[in-house]
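Inspection log for the structure reproduced underneath, given as structure tokens.
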Amino acid sequence: MKKLYIVKTKEEFNNLINKGYCSKNKYFVVYSKDNNLKYDRFGISVGKKIGKAVTRNKYKRKIRSIIDIYRKDYLKRKDYIIILRSRALNLNYKDLKTELFSLLLNKGDLNEK
């Protein structure tokens, strides 16, 4: 994923979390908000409850690869923050992909903030 497609700053994260839409399931929390750009941007957060740095980075790589697949097929011009929950440690890659796609495509529970 190129740096162009990443939500990086603390202000952008806070703005998305406070003013965006929240969609969640047992494994992920996804905040989304429309942007004025011609592409989607993503921010990934994996907390310390998940494990040590090696484990957290492994899950970030998995999520990035799922995002690359998503970006090729679906363009919605939104910013996303993806937060991994600790229950996701038991899932394999295929299940992670299914659960994350269901939220990114707004098939999960959608709660407006």
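- Ring orientation note: the planes of Phe42 and Tyr80 are close to parallel, at an angle under 30° on the 30°/60° scale.
- For the atom pair CD (Glu99) and CD1 (Ile66), the distance works out to 10.5 Å, reported to the nearest 0.5 Å.
- One hydrophobic cluster, built from ILVMFWY side chains closer than 4.5 Å, cannot hold both Val54 and Tyr59; they sit in different ones.
- Contact record, Leu16 with Ser32: CD2-C, 4.0 Å, taken as the closest heavy-atom pair.
- Here the OH atom belonging to Tyr31 is positioned 15.0 Å from the NZ atom belonging to Lys19, to the nearest 0.5 angstrom.
- Atoms CG and CG, from Asn90 and Asp95 in turn, are 10.5 Å apart once rounded to the nearest 0.5 Å.
- Going from atom CZ of Phe101 over to atom CG of Leu96 covers 12.0 Å, rounded to the nearest 0.5 Å.
- Contact detail for Cys22 and Val29: the closest heavy-atom pair is SG-CG1, 3.9 Å.
- How far NZ of Lys62 is from CG of Leu100: 13.0 Å, rounded to the nearest 0.5 Å.
- A salt bridge is defined here as a Lys NZ or Arg NE, NH1 or NH2 lying under 4.0 Å from an Asp or Glu carboxylate O, and Asp79 with Lys33 fails to meet this definition.
- Using a distance-only test at 3.5 Å, with no hydrogens or angles considered, a donor-acceptor pair links the side chain of Arg85 to the main chain of Asn25.
- Between the side chain of Arg77 and the backbone N or O of Asn36, no donor-acceptor pair lies under 3.5 Å.
- Side-chain N or O atoms of Asp34 include none that pairs as donor or acceptor with a backbone N or O of Lys78 at under 3.5 Å.
- Considering CD1 of Ile44 and CD1 of Ile81, their distance stands at 9.5 Å, rounded to 0.5 Å.
- Scanning all heavy atoms of the two residues, the minimum distance from Ser65 to Tyr93 falls at OG-OH, 3.1 Å.
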